[in-house]
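Read through the structure below, which is laid out as structure tokens, and then see the notes.
Proteins get letters first, then strands, A, B, ... in listed order; numbering begins at 1 in each.
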2 protein chains.
Amino acid sequence: MATMHDVARRAGVSVSTVSYVLTGTRPISAATRDRVLEAMAELGYQPNAMARGLASRRSNIVGLLLPLTGRALGATETAFVTGATEAARQAGYHLMLCPVGPGDTDELQVLATQGLLDGFLVMEVGLTDQRVDLLRTLDSPFVLIGRTADTDGLACVDIDFEQTVEDAVAHLVGLGHQAIAYVNHSSASLAGGYGPAKRTELAFEAALERHGITGVMVPTEDTASGGRAAIRQAREQCPELTGVLVMNENAALGILADLRESGLEVPYDVSVVSMVTSEVVADLASPPLTAMTSPGTALGAAATRVLLDRLTGDAGDPTYTELVPCVLDVRGTSGPARPRTRPTKAAPGRR
Amino acid sequence: MATMHDVARRAGVSVSTVSYVLTGTRPISAATRDRVLEAMAELGYQPNAMARGLASRRSNIVGLLLPLTGRALGATETAFVTGATEAARQAGYHLMLCPVGPGDTDELQVLATQGLLDGFLVMEVGLTDQRVDLLRTLDSPFVLIGRTADTDGLACVDIDFEQTVEDAVAHLVGLGHQAIAYVNHSSASLAGGYGPAKRTELAFEAALERHGITGVMVPTEDTASGGRAAIRQAREQCPELTGVLVMNENAALGILADLRESGLEVPYDVSVVSMVTSEVVADLASPPLTAMTSPGTALGAAATRVLLDRLTGDAGDPTYTELVPCVLDVRGTSGPARPRTRPTKAAPGRR
DNA sequence: ACGTTTTGTCGAAACGCTTCGACGAAGCGT
DNA sequence: ACGCTTCGTCGAAGCGTTTCGACAAAACGT
């Protein structure tokens with residue numbers, strides 16, 4: 001590997017001059033610049049990342065804090081990651097995946113103090129999250145993807161759950177639905193203070209009231225069978241329901257299957273809207289899911305930009321919060337509400 | 001941040017002694033070791049990753065080369081990533097996600113020469129892959145997750161497609177199926193030399209011959225609608241088919257939906273086995289998919305171990321290849337073959 | 001008791017870069 | 001022609017480690 005010394009010698013300049021050409025820190029005459037550039041090209045010179053990092057105390061690497069549950073990531077999380085990675089790359093940064101969950105403070109402590117990372121992107125943020133506290137006291141720059149209960153002084157990028165729920169409910173109400181169920185994350189998530197679960201619960205209640213309709217919320221596991229259980233429970237608690245809002249993609253498919261097996265046709269008898277859903281999964285269902293598509297890639301990219309702005313010093317507001325709602329994609333599982341008579345077996349031929 | 005100097009002063013030893021305590025490179029008496037350790041603890045000392053990297057020319061970071069298509073990663077790929085990340089962490093390494101596809105040689109050239117990464121894990125390997133050639137000429141240590149056409153002198157970890165196809169076919173044959181379709185990746189993938197597509201095609205043909213049964217292979221897009229199109233085409237080409245093997249999870253769901261809509265009941269009329277499938281997606285379907293579950297996490301971990309062995313020098317065979325077959329998980333979509341009469345509308349009550 | 005090895009520690013030289021102060025050479029106004 | 005600023009470049013001092021050669025002190029064999 002050629003070093004800066006080699007380049008300097010070949011171009012007949014000093015090492016520092018080469019450095020200035022590279023970093024643009026000081027003005028260099030066009031003539032010498034060209035000579036240096038040429039020498040670099042001839043030698044196939046590539047600056048050493050470690051040396052640069054040591055001297056400048058910035059690595060151009062940001063860490064992505066992501067609890068690795070052992071189970072696969074959802075499509076939404078994956079989109080976050082790819083969005084963030086791509087955005088970082090375009091800004092000349094690298095992205096390091098760090099399996100650090102809300103409780104792994106020791107891990108994070110090490111990561112943040114060993115000087116490898118310039119800043120952090122924090123995913124899967126709980127309403128109270130030790131990682132946030134730690135990063136704050138260490139004052140490492142960081143941006144949350146998600147939100148804690150108290151976002152004072154924090155930079156956050158998140159899905160606008162309130163708006164998303166409202167939009168979804170409005171869609172159903174617009175189709176004439178008067179009784180809707182909301183199938184939320186598990187009660188464990190709710191109790192554990194998982195932000196999206198809590199926020200959507202509140203938003204759902206608010207939306208019901210605003211539109212003057214009735215509804216129930218049912219928490220359930222994020223699996224197909226969880227969805228099945230939830231829809232049964234919902235129909236029991238609220239037999240007249242014609243609309244279902246469901247938080248989790250997997251649960252959504254379970255609901256669809258269960259309704260079908262119960263002799264109810266979607267969307268003729270019941271409409272289903274899936275929240276925070278990726279297109280791939282929506283298209284997996286048949287009919288394809290009407291869904292609030294999660295802006296995963298965009299969020300990841302936005303978070304990265306916010307963090308990078310902070311790092312390069314031209315930081316604006318340190319309390320910057322950017323909320324992006326999911327957008328409604330009407331596909332095959334939502335339609336006009338049936339009149340409020342007890343549904344008979346679905347009329348054939350309708351789909 | 002405390003430095004080694006601080007620790008050395010506090011413990012009353014030289015800097016190099018502190019270093020030896022940390023790295024174990026040379027013997028240190030128990031007494032001084034304890035003193036040094038104590039000083040570290042008191043100061044909350046944390047070695048600087050950059051300085052260490054510069055001096056030792058190893059970063060303890062490995063890069064994961066992964067084309068980011070813009071679309072979300074599949075569950076299998078995600079499992080690879082998490083498995084690799086976790087395994088790296090346990091060995092004291094970090095994992096950096098690098099969006100570098102088979103063609104992005106410039107990107108990779110930079111990554112490999114800037115000295116940030118000790119080695120590479122290469123994902124989504126094509127039958128011929130420029131990344132492999134480049135890494136080879138730069139002689140950076142690397143391990144493939146997947147295989148090129150010619151694996152001479154390469155370290156690979158991959159799914160054992162041949163075995164997986166054979167197992168799947170054997171499962172169907174064991175249930176009495178005599179005519180099976182294989183819904184493969186798209187013809188573009190096949191033409192582009194995508195390893196899994198090609199290998200499974202050959203393995204399927206071999207399995208047909210070995211078992212003395214008939215079948216067709218239909219390439220299709222990796223989407224639900226791709227699956228629908230494929231199953232139609234397959235039934236046209238081979239009306240007597242009772243078994244379907246499908247490469248892609250998304251396509252599998254499409255196939256299930258299409259069969260149901262055609263009045264065929266799974267698994268009574270047709271059995272479906274999904275290849276290289278994750279449990280989450282398998283459970284999304286109803287009935288849940290009988291599948292060859294992909295050992296994603298295990299593969300990622302295995303690849304990492306192989307790479308790390310190579311890095312730490314106690315490398316064994318540089319041509320080490322580890323093949324792991326998917327394992328058959330019988331769920332709800334496979335069952336005994338129907339007698340070979342033309343099926344009438346499925347008898348009710350059966351499932 | 002003697003050389004000889006082994007053990008434990010030290011000082012200093014890298015590692016390849018950034019950055020700071022210095023300084024001659026131009027360019028400016030007057 | 002004069003000092004004054006600006007421009008372009010240089011040398012050297014770090015950045016925080018690892019690692020190598022050296023060297024007392026202790027342990028060994030005879």
Side-chain angles (χ1 to χ4, degrees), chain A residues 1-37 39-40 43-61 92 110 112-118 311-313, chain B residues 1-37 39-40 43-61 92 110 112-118 311-313:
Chain A
M1 281 302 93
T3 77
M4 259 178 100
H5 265 94
D6 303 330
V7 175
R9 181 165 42 249
R10 188 160 237 260
V13 298
S14 78
V15 183
S16 47
T17 302
V18 177
S19 176
Y20 294 135
V21 169
L22 228 36
T23 62
T25 323
R26 285 194 187 179
I28 293 290
S29 73
T32 45
R33 178 186 355 275
D34 288 351
R35 244 180 322 130
V36 171
L37 256 20
M40 285 182 182
L43 293 171
Y45 169 74
Q46 193 54 227
N48 180 299
M50 290 289 162
R52 184 181 277 233
L54 177 58
S56 66
R57 56 217 57 227
R58 11 189 29 277
S59 61
N60 279 30
I61 308 178
V110 171
T113 48
Q114 79 186 338
L116 220 204
L117 270 12
D118 289 346
L311 291 182
T312 47
Chain B
M1 281 301 91
T3 77
M4 258 177 94
H5 265 95
D6 304 330
V7 175
R9 180 165 43 249
R10 189 162 237 262
V13 298
S14 79
V15 183
S16 46
T17 301
V18 177
S19 176
Y20 294 135
V21 168
L22 227 37
T23 63
T25 324
R26 286 195 186 179
I28 293 289
S29 72
T32 43
R33 172 175 13 264
D34 289 351
R35 246 182 319 133
V36 170
L37 257 17
M40 286 181 181
L43 293 171
Y45 169 74
Q46 193 52 230
N48 179 298
M50 291 288 163
R52 184 181 279 233
L54 177 58
S56 66
R57 56 213 57 226
R58 14 190 27 277
S59 62
N60 279 29
I61 308 179
V110 171
T113 49
Q114 80 186 337
L116 219 204
L117 270 13
D118 289 347
L311 291 181
T312 47

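- Residue A:Thr32 places at least one side-chain N or O closer than 4.0 Å to OP1 or OP2 of D:dT9.
- If you check every strand for non-hydrogen atoms under 4.0 Å, B:Leu54 touches a base.
- Scanning atom types as modelled, no donor and acceptor separated by under 3.5 angstrom connect the side chain of A:Arg26 and the base of C:dT19.
- Remark: the B:Ser16 side chain and the C:dG11 base include a donor-acceptor N/O pair separated by less than 3.5 Å.
- As the counterpart of D:dA26, C:dT5 is assigned, both hydrogen-bonding distances of the Watson-Crick or G-U wobble pattern falling under 3.5 Å.
- Taking atom CG of A:Asp34 as the reference point, atom P of D:dT9 lies 11 Å away to the nearest angstrom.
- Relative to the side chain of A:Arg52, the nucleotides C:dT18, C:dG8, D:dG11 differ in distance, and C:dT18 lies closest.
- Between the CG atom of B:Asn60 and the P atom of D:dT17 there is a distance of 15 Å, given to the nearest Å.
- Inter-residue side-chain proximity for A:Pro47 and A:Met4 is flagged as unmet; no heavy-atom pair is nearer than 4.5 Å.
- Taking atom CZ of residue B:Arg58 and atom P of nucleotide D:dT19, one finds them 9 Å apart after rounding to whole Å.
- Atom CE of A:Met50 and atom P of C:dA14 are 22 Å apart (whole Å).
- A:Tyr45 places none of its side-chain heavy atoms less than 4.5 Å from the side chain of B:Thr113.
- Side-chain proximity of A:Thr3 to the nucleotides C:dG16, C:dC20, C:dG11 is greatest for C:dG16.
- A donor-acceptor contact shorter than 3.5 Å is absent between the side chain of A:Arg58 and the backbone of A:Leu117.
- Between the NE2 atom of A:His5 and the C1' atom of C:dT18 there is a distance of 13 Å, rounded to whole Å.
- Side-chain proximity of B:Met4 to the nucleotides D:dT17, C:dT19, C:dC10 is greatest for D:dT17.
- Distance alone, capped at 3.5 Å, is enough to place a donor-acceptor pair between the B:Arg33 side chain and the B:Ile28 backbone.
- At D:dC10, one or more side-chain N or O atoms of A:Thr17 fall inside 4.0 Å of OP1 or OP2 (strictly under the cut-off).
- Residue B:Ala55 has its side chain nearest to D:dT17 when only D:dT17, D:dT9, C:dG8 are considered.
- B:Leu22 places its CG atom 17 Å from the C1' atom of C:dG8, with the value rounded to the nearest Å.
- In this structure, B:Tyr20 places its OH atom 20 Å from P of D:dG16, rounding to the nearest Å.
- The interatomic distance linking A:Leu116 (CG) with D:dT17 (P) rounds to 13 Å, in whole Å.
- Residue A:Val18 is classed as having no contact, given no heavy-atom separation below 4.0 Å to the nucleic acid.
- In terms of modelled atom types and a separation under 3.5 Å, the side chain of B:Thr23 and the main chain of B:Ser19 share a donor-acceptor contact.
- Within the structure, every side-chain polar atom (N or O) of A:Ser14 is placed at least 4.0 Å from both OP1 and OP2 of D:dT9.
- In the set D:dT19, D:dC10, C:dT9, the nucleotide with an atom closest to the side chain of B:Ser19 is D:dT19.
- Between the side chain of A:Thr17 and the backbone N or O of A:Val13 there is no donor-acceptor pair closer than 3.5 Å.
- Distances were taken from every side-chain heavy atom of A:Tyr45 (C-beta onward) to each of C:dC17, D:dG21, C:dT19; the shortest belongs to C:dC17.
- Side-chain N/O atoms of A:Arg35 and base N/O atoms of D:dG8 include no donor-acceptor pair closer than 3.5 Å.
- Residue-level contact check: A:Arg57 touches the backbone only, with heavy atoms under 4.0 Å from sugar-phosphate atoms and none from bases.
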